[in-house]
Amino acid sequence: MNRRHYLALIGTTLGSLGGCAQSPGDDSVTPATDETTPSPTPTDGSTPTPTVDRQRVGVGETVSVNGTSVTVSNPRVRLAIPVSGMHVLPLTTDVGQFVVVDVTVDGSPAAELDEAFGATVGGDRVQESTPQSTTTAGAFGVPFPVGDHDTAAVRWTAGSTTAVDWALPDSVRAALAETPAFRVTSFESRVADGQRVVELAVRNDGGRDGRFLGRLSFEGFSGGDLLSFAVPKGGSERYSGRPGKVLLYFENNGGETLTLQYPGVDGMESVEHTVPVDTETGSPASTATETPTVVDQ
């Protein structure tokens, strides 16, 4: 039985259930609490509502329900997340922001989470906050609204009898109160030392520091590679390099126009750069090699 089916099976019997350690920068851990909400006694002979066992723990703690252990850890706030498809690597945004968390089930990275998991603000479940899988195993983006929240947590609703909240630390809640506002101010490609590189500059006009995430691709190519780097509030950062294999594919396929997709002020935005074609070879080819890119999600 695969893990996704097993988690769903747990959800129909006891409830519905769907790695890294907590980040050193997480500055607040809420002590674990266990609250039981009593069921009102019906006077009309109907079946009473089951008593709900509500647990509140800090991120990084492991909770076991019906013999299955779940850990939610390492929360970080992102404006966009990469989600994998069959042949594409799209970015996705939300009306708010994502809190990306690492989730393990019985010590292994979770494969997928369903609507039993989601966001809570002020103790209430946020609608349409089912986690989305990212391209990193066990890492999920949980949609949260932008705002100055007194409390916020990632909740696992284990059926009608158990609810577990992993409380977000102060630093994460502070990041949810503001958003970065990225703007690509320059974007070009050139050949340096026999290899084609991409160069861009990004400015952040938003209310907090943030991590820029862009997807580089070209017309007619369904794949792409990611660029990711920190940009301080009110500042700019430059990037120069060869992300992944996209430039190698670009040259081998005779590409002409590079496209950079990224989360901007008004949702997903894109900029383009047309590469001059070599008049002798008829292509933008260079003596290129691929450079792997590690994306911090």
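- Residues satisfying the side chain to side chain contact (heavy atoms under 4.5 Å, CB included) test with Ala80, not counting sequence neighbours, are Thr93, Pro263.
- Side chain of Trp166 to main chain of Ser73: no donor-acceptor pair is present (N/O by atom type, distance under 3.5 Å, no hydrogens or angles).
- Every residue two or more places apart in sequence or in another chain that forms a salt bridge (Lys or Arg N to Asp or Glu O under 4.0 Å) with Glu199 is listed here: Arg190.
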Exercise for the section: Apply side chain to side chain contact (heavy atoms under 4.5 Å, CB included) to the pair Thr151 and Arg56, showing each step before the final yes or no. Expected result: CA-CA 11 Å; Thr151 62; Arg56 184 175 179 85; 3.8 Å; yes
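- Nearest heavy-atom pair across Ser129 and Val126 is OG-O, 2.7 Å.
- When every heavy atom of Pro82 is checked against every heavy atom of Leu226, the shortest pair comes out as CB-CD1, 3.6 Å.
- Looking at Thr134 and Phe98, their side chains never come closer than 4.5 Å, going by heavy atoms from C-beta outward.
- Annotation: the span from Gln261 atom CD to Leu227 atom CG amounts to 12.0 Å, rounded to 0.5 Å.
- Ala152 approaches Arg173 most closely through the heavy-atom pair N-CD, 3.7 Å.
- Every side chain to side chain donor-acceptor pair (under 3.5 Å) that Thr257 has, sequence neighbours left out, goes to Thr274.
- Taking CZ from Phe187 and CG from Leu260, the interatomic distance works out to 5.0 Å, rounded to the nearest 0.5 Å.
- The closest side-chain heavy-atom distance from Phe218 to Val275 is not below 4.5 Å.
- Residues meeting the ring pair (Phe, Tyr, Trp, His ring centres under 6.0 Å) test with Phe140, sequence neighbours left out: none.
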Practice task
Using the side chain to side chain contact (heavy atoms under 4.5 Å, CB included) rule, take Tyr249 and Asp225 through it: C-alpha gap first, then chi angles, then the decisive distance, then the call.
Solution key: CA-CA 11 Å; Tyr249 292 147; Asp225 281 296; 5.7 Å; no
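- When the salt bridge (Lys or Arg N to Asp or Glu O under 4.0 Å) test is applied to Asp205, the partners found at least two apart in sequence or on another chain are Arg183, Arg203.
- Residues forming a side chain to side chain contact (heavy atoms under 4.5 Å, CB included) with Arg208 (at least two apart in sequence, or on another chain): Val77, Gln97, Ala175, Glu178, Pro180.
- The list of salt bridge (charged side-chain N to carboxylate O under 4.0 Å, His left out) pairs with a residue in residues 140-160, not counting sequence neighbours, reads Arg155-Asp165.
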Practice task
Please test Phe117 against Val142 for side chain to side chain contact (heavy atoms under 4.5 Å, CB included), starting from the C-alpha separation and ending with a verdict.
Solution key: CA-CA 9 Å; Phe117 284 81; Val142 184; over 6 Å; no
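- Residues Thr161 and Asp53 are not in side-chain contact: their nearest non-hydrogen atoms beyond the backbone lie 4.5 Å or more apart.
- Using a 4.5 Å cut-off on side-chain heavy atoms (C-beta onward), Leu213 and Arg78 make no contact.
- Of all non-hydrogen atoms in Pro131 and Asp114, the two that sit nearest each other are CD-O, 4.0 Å.
- Side-chain contact between Val59 and Val172: absent, with no pair of heavy atoms (C-beta onward) separated by less than 4.5 Å.
- Judged as a ring pair (Phe, Tyr, Trp, His ring centres under 6.0 Å), not a single pair has a partner in residues 56-75 (not counting sequence neighbours).
- Here the side chains of Val198 and His273 are not in contact, with every heavy-atom distance at 4.5 Å or above.
- With sequence neighbours excluded, the residues satisfying side chain to side chain contact (heavy atoms under 4.5 Å, CB included) with Ser270 are Thr259.
- Contact annotation: the side chain of Tyr239 never approaches that of Val202 to less than 4.5 Å [non-hydrogen atoms, C-beta and beyond].
- Although no hydrogens or angles enter the test, the distance criterion places no donor-acceptor pair under 3.5 Å between the side chain of Asn204 and the main chain of Gly234.
- Each of Val197 and Leu258 belongs to its own hydrophobic cluster when Ile, Leu, Val, Met, Phe, Trp and Tyr are linked at side-chain heavy-atom distances under 4.5 angstrom.
- With sequence neighbours left out, the side chain to side chain contact (heavy atoms under 4.5 Å, CB included) criterion links Ala174 to no other residue.
- In this structure, Val63 and Val70 have side chains that are not in contact, with every pair of non-hydrogen atoms separated by 4.5 Å or more.
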Practice task
Apply side chain to side chain contact (heavy atoms under 4.5 Å, CB included) to the pair Val184 and Glu269, showing each step before the final yes or no.
Solution key: CA-CA 10 Å; Val184 175; Glu269 300 181 10; over 6 Å; no
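- The minimum heavy-atom distance between Asn74 and Asp102, with the atom names listed, is ND2-OD2, 3.1 Å.
- Scanning both residues, Val100 and Ala139, for their nearest heavy atoms gives CG1-CB, 4.2 Å.
- Within the structure, ring pair (Phe, Tyr, Trp, His ring centres under 6.0 Å) pairs that include any residue of residues 56-77 do not occur (at least two apart or interchain).
- For the ring pair (Phe, Tyr, Trp, His ring centres under 6.0 Å) condition, the pairs that include at least one residue of residues 193-217, sequence neighbours left out, are Phe182-Phe212, Phe212-Phe229, Phe212-Tyr262.
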